[in-house]
Student: 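Dumping the structure here so I can ask a few things about it.
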Amino acid sequence: MKLTRGPRPPKTTADAFMKARRDILETIQRIPRGKVASYSGVAFAAGWPGRARLVARVLSDVPPEYEGLPWQRVINAQGKIAIPKSSPGHLKQQRLLKAEGVVILNGKISFAAHGWKPGDASPLLD
DNA sequence: AAACTGACGTGAT
DNA sequence: CATCACGCCAGTT
């Protein structure tokens, strides 16, 4: 009898990726209004240090069940909006951030002023 | 299968 | 400041 199609073995890499994506999205949800975090910071806080690129990847295609995710609060380590200036998303992110009180000076945001440190407070409520 | 592409980061020049 | 070279890694060509 040939069981070439038996029970599927766990694809650890893919499973790990799905877990990572969950961790990352949940971490971003905890960034409060008026605060921002870098891609690497989110990766670290999510338990996936060194995976900034993965955060970017996840953010570039947010699952529909995460509607309302404060994606605009994730910026690059230089304090700048990572989306290309030419993209419409750039302006949108800039508008959203300014609307929640984030100061953008010369295209840069001060982490000293708005940087989110996991463990600050008020999750769930923005 | 190999090359290329990012919403990245860091260190060197 | 700006650039470059790398390291990184899932997706796309």
Student: If every non-hydrogen atom of A:A99 is compared with every non-hydrogen atom of A:R33, which pair is closest and at what distance?
Tutor: O-NH2, 3.4 Å
Student: Can you name the nearest heavy-atom pair linking A:A43 to A:A52, along with the distance?
Tutor: CB-N, 3.9 Å
Student: Using a cut-off of strictly less than 4.0 Å between a heavy atom of the residue and any atom of DNA chain C, enumerate the qualifying residues of residues 61-68 of chain A by number.
Tutor: none
Student: Spell out, yes or no, whether A:L91 and A:W71 are grouped together once hydrophobic residues are joined by side-chain heavy atoms under 4.5 Å, including indirect joins.
Tutor: no
Student: When you group the ILVMFWY residues by side-chain heavy-atom contacts below 4.5 Å and let the links chain together, are A:F111 and A:V102 in the same group?
Tutor: yes
Student: Hydrophobic cluster membership, with links at side-chain heavy-atom distances under 4.5 Å among I/L/V/M/F/W/Y: are A:W48 and A:F17 in one?
Tutor: no
Student: Tell me which residues in residues 83-90 of chain A put a heavy atom below 4.0 Å from DNA chain B, sorted by number, or none.
Tutor: A:I83, A:P84
Student: I'd like the P distance from C:dC4 over to B:dT5, given in whole Å.
Tutor: 16 Å
Student: Atom CD of A:Q72 and atom CD1 of A:I31: how far apart are they, to the nearest 0.5 Å?
Tutor: 9.0 Å
Student: If I take atom CZ from residue A:R73 and atom CG from residue A:L97, how far apart are they, to the nearest 0.5 angstrom?
Tutor: 8.0 Å
Student: Tell me, please, the opening and closing nucleotides of DNA chain C, 5' to 3', among those with an atom under 4.0 angstrom from a non-hydrogen atom of chain A.
Tutor: C:dC1 to C:dG11
Student: Any base atoms under 4.0 Å from A:K80, or only sugar-phosphate, or nothing? Heavy atoms, all strands.
Tutor: nothing
Student: Looking at A:T27 and A:V42, what are the two nearest heavy atoms and their distance?
Tutor: CG2-O, 4.0 Å
Student: Tell me whether A:N106 contacts the main-chain N or O of A:K108 through its side chain, where contact means a donor paired with an acceptor under 3.5 Å.
Tutor: no
Student: Which residues within residues 51-59 of chain A lie with some heavy atom under 4.0 Å of an atom in DNA chain B?
Tutor: A:A52, A:R53, A:A56, A:L59
Student: Report the distance from atom CD1 of A:I109 to atom OG of A:S38, rounding to the nearest 0.5 Å.
Tutor: 11.5 Å
Student: Can you get from A:V62 to A:V55 by hopping between Ile, Leu, Val, Met, Phe, Trp and Tyr side chains that sit under 4.5 Å apart?
Tutor: yes
Student: Which sits closer to the 5' end of DNA chain B, A:Q78 or A:W71, going by the nucleotide each is nearest to?
Tutor: A:W71
Student: Ignoring hydrogens and geometry, is there a side-chain-to-backbone donor-acceptor pair from A:Q93 to A:V74 under 3.5 Å?
Tutor: yes
Student: Which two nucleotides bound the region of DNA chain B that has atoms under 4.0 Å from heavy atoms of chain A, read 5' to 3'?
Tutor: B:dG6 to B:dT10
Student: Honestly curious: do A:L25 and A:F44 fall in one hydrophobic cluster under the side-chain, below-4.5 Å linking rule?
Tutor: no
Student: Taking side chain to side chain donor-acceptor pair (under 3.5 Å) as the test, write out the residues that go with A:K19, two or more places apart.
Tutor: A:D23
Student: Any heavy-atom pair between the side chains of A:L59 and A:Y39 that's under 4.5 Å?
Tutor: yes
